[in-house]
Amino acid sequence: MDSQDYSNSASLPGKRHWKIWWELIRPHTLTAGFIPVLMGTALALLTDSVNTLLFLAMLFASLLIQAATNLFNEYYDFKRGLDTAESVGIGGGIVRHGMTPKLIMQLALVMYTISLLLGIYICAASSWWLAAVGLVCMLVGYLYTGGPFPISWTPFGELASGFFMGFLIILIAYYIQTGHVSSIAVLVAVPSGILVGLINMANNIRDHDGDKRSGRRTLPILLGQKKAIIFMGIMFAIAYLWVIGLVVTGTVSPWILLALLSIPKAVQTTKGFVGKTMPIEMMPAMKSAGQTNTFFGFLLSIGLFISYFI
């Protein structure tokens, strides 16, 4: 990296380089890559032994795809004139720290390349059918903000992120350990898909006004901000009721009810948007959405691990 790529960061008082790089990948979103892999592996442990190397390969590949997706978002939002130095919730590598758009794209492609190599190892150790699934996931990650018709400009952003990064990742993590996909894995993956989709929705609620001015048609714009917040609360409720339903029907061990301890964080997330109009006011609620997903998935995974050992 030369001085042209990163010329302004040294002039930022009190801002260490590693913090800039850390902000660039939007760490509050990375739980969407980590938690589903943990949940899928915990589910696999109930029926089979777990290959630690496959788990780590899947984990790092998922995190890299999520981070690269964030960089694609950074690149294309800048190219379309959406990001400025005053924008809230962005990595800010280009508009605040003097990085070139070319560098941001190169970083994203490097992450994709590494995740592709990890994917080759995963396929070689499990099934080459996963190659097609993995490539689709990577393509969606790019098309979320890239290409002529970005998914992030449509009402389907929450659905795409929830399905591919929340639901499908659990099934892939489960499959590479067991060689099959069970109905239980599918059912447990549903609330995770909902919560990952809500991370995206929290971001879109925060950006409602700016997105509307730019011509986007996100789900919160389609519903209106107030109805979007109500919709978020309903989807949180569905996710938790789904978990209760899994236990009541005897599908999964009652230990997964530990996930219900994350309900206060979900309530905090929803309430955090009520009555707020400025993006900076909604930042705590947006970050809380990611924390809700983390607590939920981590607690549910602990419940699965406990049910395995007891």
Side-chain angles (χ1 to χ4, degrees), residues 1-12 14-37 56-122 131 134-153 157 160-161 164-165 169 172 196 199-200 203 207 283 286-287 290:
M1 172 172 52
D2 58 30
S3 60
Q4 281 186 314
D5 285 333
Y6 197 13
S7 58
N8 293 339
S9 62
S11 65
L12 294 173
K15 196 73 168 181
R16 295 182 182 275
H17 288 189
W18 70 267
K19 288 186 178 180
I20 295 173
W21 289 105
W22 181 240
E23 290 175 2
L24 187 63
I25 61 174
R26 305 186 191 185
H28 62 275
T29 68
L30 296 184
T31 57
F34 168 74
I35 291 299
V37 177
L56 292 174
M58 181 70 192
L59 175 63
F60 284 113
S62 181
L63 288 172
L64 286 169
I65 290 173
Q66 178 63 50
T69 299
N70 292 337
L71 292 178
F72 288 136
N73 187 71
E74 186 97 0
Y75 175 88
Y76 283 105
D77 279 359
F78 172 78
K79 285 293 187 178
R80 295 185 174 104
L82 299 178
D83 284 354
T84 68
E86 290 73 36
S87 296
V88 175
I90 64 172
I94 300 173
V95 296
R96 295 191 188 125
H97 306 311
M99 296 178 181
T100 64
K102 179 182 177 182
L103 175 62
I104 298 298
M105 178 58 75
Q106 287 174 340
L107 289 171
L109 293 177
V110 166
M111 289 180 179
Y112 256 31
T113 300
I114 296 173
S115 63
L116 183 61
L117 294 174
L118 290 170
I120 292 173
Y121 164 72
I122 292 170
L135 288 173
V136 170
C137 289
M138 294 175 73
L139 180 62
V140 170
Y142 171 77
L143 292 177
Y144 183 77
T145 49
F149 304 105
I151 299 171
S152 65
W153 285 58
S161 60
F164 286 98
M165 291 304 297
I169 293 296
I172 295 175
V196 171
I199 295 175
N200 184 277
N203 182 79
D207 294 339
M283 275 299 295
M286 193 207 73
K287 290 182 178 180

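These figures come from a predicted structure and were not determined experimentally.
Summarising the geometry of Asn200 relative to Gly157, their closest heavy-atom pair is OD1-C, 3.7 Å, with the distance given to 0.1 Å. Looking at every heavy atom in both residues, Val196 comes nearest to Ser161 through CG1-O, 3.5 Å. Nearest heavy atom pair, residue Ser152 against residue Thr145, reads OG-CG2, 3.6 Å. Taking both residues in full, the closest heavy atoms of Ile172 and Cys137 are given as CD1-SG, 4.5 Å, listed atom of the first, atom of the second, then distance.
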Would you mind writing out the side-chain donor-acceptor pairs for residues 58-69 within the sub-3.5 Å range, not counting sequence neighbours?
from, atom 1, to, atom 2, distance (Å)
Ser62, OG, Gly33, O, 2.8
Gln66, NE2, Asn70, OD1, 3.4
Thr69, OG1, Ile65, O, 2.8

Only pairs under 3.5 Å count here: list side-chain donor-acceptor contacts from residues 114-122, not counting sequence neighbours, and write none if there are none.
from, atom 1, to, atom 2, distance (Å)
Ser115, OG, Met111, O, 3.2
Ser115, OG, Tyr112, O, 2.8

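Using a 3.5 Å distance cut-off with no hydrogens or angles, the side chains of Tyr76 and Tyr144 do not pair a donor with an acceptor.
The distance from atom OH of Tyr75 to atom OG1 of Thr100, rounded to the nearest 0.5 Å, is 9.5 Å.
Contacts of Leu109 classified as side-chain contact (heavy atoms from CB on, under 4.5 Å), with partners at least two apart in sequence or in another chain: Phe72, Met105. By the side-chain contact (heavy atoms from CB on, under 4.5 Å) test, Leu107 pairs with Trp21, Leu24, Leu71, Leu103, sequence neighbours left out.
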Could you check Phe149 against Leu143 for side-chain contact (heavy atoms from CB on, under 4.5 Å), going step by step and ending with a plain yes or no?
CA-CA 8 Å; Phe149 304 105; Leu143 292 177; over 6 Å; no
